[in-house]
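For reference, the structure discussed in these notes is given below.
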Amino acid sequence: MTEETKNDTPPDHLSVNPRSPKFDAETLQRGIGIRFKDRVRTDIEEYSISEGWVRVQAGKTVDRKGQPLTIKLTGPVEAWFEDLGENPPIAKKD
C-alpha cells in the first residue's frame with residue numbers, strides 16, 4: 001500500500017466518541033461514509049472493518065454518566081472518505 005493510498009482510505013477502526021482511544025478528530029472532519037450489510041449508514045458511533053462490526057446508539061437511552069448506550073452489530077463493513085468525490089477508494093475486509 002502506497003502512502004497516497006493509505007491517506008485515501010479510512011482507518012480500520014474509528015470512533016466518534018472523544019473519550020475513546022480510537023477517536024481521531026482530523027480524520028472525522030474529512031467525512032467518513034460507512035456501508036454496513038450493503039446499506040449506507042449515517043448513525044454509526046464506532047466501527048472495525050477487520051473485525052466486521054459497528055456500534056450504533058440504542059435509541060435515546062443513556063448510561064448514568066450521560067453517554068449513549070450502544071449495541072454492537074456484526075457483518076461486512078466498508079468505509080470511505082466522502083471528500084474524495086464519486087469513486088473514492090473503499091476500505092473493506094479482503
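Computed from a predicted structure; not experimentally measured.
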Where is the tightest heavy-atom contact between N17 and F23, given as atom of each residue plus distance? O-CB, 3.2 Å
Just verifying a value: how many Å separate S15 OG and I44 CD1, rounded to the nearest 0.5 Å? 11.5 Å
Roughly how far, to the nearest 0.5 Å, is the CG atom of L73 from the NZ atom of K37? 7.0 Å
Of all residues at least two apart in sequence or in a different chain, which pass the side-chain contact (heavy atoms from CB on, under 4.5 Å) check with T27? P11, L14, D24, I32, F81
Expected output: side-chain K93 to main-chain S50 donor-acceptor under 3.5 Å: yes
Hey, does the side chain of Q57 reach the backbone of G59 with a donor-acceptor pair shorter than 3.5 angstrom? yes
When clusters are formed from ILVMFWY side-chain contacts under 4.5 Å, directly or step by step, what else is grouped with V40? W80, I90
Inspect the surroundings of CG in D63 and state if more than 12 heavy atoms from other residues, nucleotides or ligands are less than 6.0 Å away. yes
Can you give me every donor-acceptor pair (side chain of residues 65-72, partner residue at least two apart or in another chain, under 3.5 Å) with its distance?
none

For V77 against G52, the heavy-atom pair lying closest together: CG2-C, 4.1 Å
CA sep, side-chain torsions, deciding dist, call: S48, D12, side chain to side chain contact (heavy atoms under 4.5 Å, CB included): CA-CA 6 Å; S48 175; D12 176 62; 4.0 Å; yes
Please report the C-alpha distance between R41 and V56 in whole Å, then the side-chain angles of each, then the deciding distance to 0.1 Å, and finally whether the side chain to side chain contact (heavy atoms under 4.5 Å, CB included) criterion is met. CA-CA 10 Å; R41 303 279 302 251; V56 295; 3.6 Å; yes
What closest approach, in Å, do D8 and L84 show between heavy atoms, and which atom pair accounts for it? O-CD1, 3.4 Å
Quick check: do I34 and Y47 have side-chain heavy atoms less than 4.5 Å from each other? yes
Regarding H13 and E46, is there a side-chain donor-to-acceptor distance under 3.5 Å anywhere? yes
